[in-house]
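Heads up, the thing below is written out as structure tokens.
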Amino acid sequence: MNTDTPESSRKALIDALLLKLPGVSARKISGLDAYFVSDKMFACISGGGIGLRLPAATATELQFSRGDVVPFQPGGMASTREWVQIDRADAAEYEKDLELFQTSLEFVKGARTR
């Protein structure tokens, strides 16, 4: 009997992609599955997508150039200029966004804490 729910297999696919990146760890924060580097969150699963922190100019450009990128608003929270959400119906498709995940990871690693 297969007990995998679509959500758990989706998370497993995303884990497999992100946890292979150097220095990445995962934990829950405010009920969301989040991914960290240098103890700073760079991505998290929210609804049907993954929220991703990127330089503001990159985030803005993605929202205008891709139909699957929207403002990141987990639980209806206000979005910020540095966070976007990539929505993909098939979690395996996030492999195509690996370069963006790496950009986010490097951006967050180099960001100053406020």
Side-chain angles (χ1 to χ4, degrees):
M1 184 168 118
N2 188 355
T3 58
D4 275 358
T5 63
E7 291 78 25
S8 68
S9 59
R10 180 176 180 79
K11 181 185 179 316
L13 285 166
I14 294 166
D15 278 356
L17 178 66
L18 297 183
L19 292 176
K20 73 180 180 188
L21 299 174
V24 173
S25 62
R27 63 181 185 257
K28 278 209 181 281
I29 183 167
S30 301
L32 297 173
D33 291 299
Y35 301 88
F36 294 80
V37 64
S38 301
D39 213 33
K40 297 180 228 171
M41 185 168 75
F42 75 94
C44 75
I45 301 172
S46 177
I50 298 178
L52 200 56
R53 184 176 176 201
L54 293 162
T58 304
T60 300
E61 190 268 323
L62 284 170
Q63 288 182 67
F64 284 103
S65 66
R66 286 182 46 176
D68 60 351
V69 176
V70 297
F72 180 61
Q73 299 174 291
M77 289 174 45
S79 64
T80 68
R81 295 174 351 132
E82 291 182 343
W83 282 89
V84 294
Q85 179 167 317
I86 303 171
D87 292 325
R88 291 196 178 271
D90 179 358
E93 294 280 304
Y94 285 112
E95 185 78 40
K96 295 175 181 174
D97 299 311
L98 188 56
E99 191 175 314
L100 280 177
F101 291 118
Q102 290 172 319
T103 299
S104 174
L105 185 148
E106 291 302 322
F107 174 65
V108 170
K109 228 175 17 176
R112 297 179 193 267
T113 50
R114 295 175 200 179

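The distance from atom CZ of Arg88 to atom CG of Asp97, rounded to the nearest 0.5 Å, is 4.0 Å. Within the model, atoms CD of Glu93 and CG of Leu13 stand 11.0 Å from one another, a figure rounded to the nearest 0.5 Å.
Listed by chain and number, the residues in a side chain to side chain donor-acceptor pair (under 3.5 Å) with Glu61 are Ser65 (sequence neighbours excluded). By the salt bridge (charged side-chain N to carboxylate O under 4.0 Å, His left out) test, Arg81 pairs with no residue at all, sequence neighbours left out. Residues meeting the side chain to side chain donor-acceptor pair (under 3.5 Å) test with Asp15, sequence neighbours left out: Lys11, Tyr35. Looking at residues two or more places apart in sequence or on another chain, you find no side chain to side chain donor-acceptor pair (under 3.5 Å) involving Lys20. When the salt bridge (charged side-chain N to carboxylate O under 4.0 Å, His left out) test is applied to Asp39, the partners found at least two apart in sequence or on another chain are Arg27. For the side chain to side chain donor-acceptor pair (under 3.5 Å) test, no residue two or more places apart in sequence or in another chain qualifies with Ser30. The side chain to side chain contact (heavy atoms under 4.5 Å, CB included) check on Thr58 picks up Leu54, Pro55, Leu62, with sequence neighbours excluded. By the ring-ring contact (aromatic ring centres under 6.0 Å, His included) test, Phe42 is found to be paired with no residue, residues two or more places apart in sequence or in another chain being considered. For Lys28, the side chain to side chain contact (heavy atoms under 4.5 Å, CB included) criterion is met by Asp33, not counting sequence neighbours. In this structure, the side chain to side chain contact (heavy atoms under 4.5 Å, CB included) partners of Leu21, at least two apart in sequence or on a different chain, are Leu18, Val24, Leu98, Phe101, Gln102, Leu105.
Checking side-chain atoms of Tyr94 against main-chain N and O of Ile14 turns up no donor-acceptor pair under 3.5 Å.
Residues Asp87 and Gly49 share a closest heavy-atom pair of OD1-CA, 3.4 Å. Ala43 approaches Leu52 most closely through the heavy-atom pair CB-CD1, 3.8 Å. Summarising the geometry of Val37 relative to Pro22, their closest heavy-atom pair is CG2-O, 4.4 Å, with the distance given to 0.1 Å. Across all their heavy atoms, Ile29 and Ala34 have their closest contact at CG2-CB, 3.5 Å.
For residues 98-107, the set of pairs meeting the salt bridge (charged side-chain N to carboxylate O under 4.0 Å, His left out) definition, not counting sequence neighbours, comprises Glu106-Lys109. Residues in residues 49-80 take part in these ring pair (Phe, Tyr, Trp, His ring centres under 6.0 Å) pairs, two or more places apart or across chains: Phe72-Trp83.
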Between Arg53 and Thr80, is a side chain to side chain contact (heavy atoms under 4.5 Å, CB included) present by the stated rule, with each step listed?
CA-CA 9 Å; Arg53 184 176 176 201; Thr80 68; over 6 Å; no

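When hydrophobic clusters are built by joining Ile, Leu, Val, Met, Phe, Trp and Tyr residues whose side-chain heavy atoms come closer than 4.5 Å, directly or via intermediates, Leu17 is grouped together with Val108.
At least one side-chain heavy atom of Leu32 sits less than 4.5 Å from a side-chain heavy atom of Pro74.
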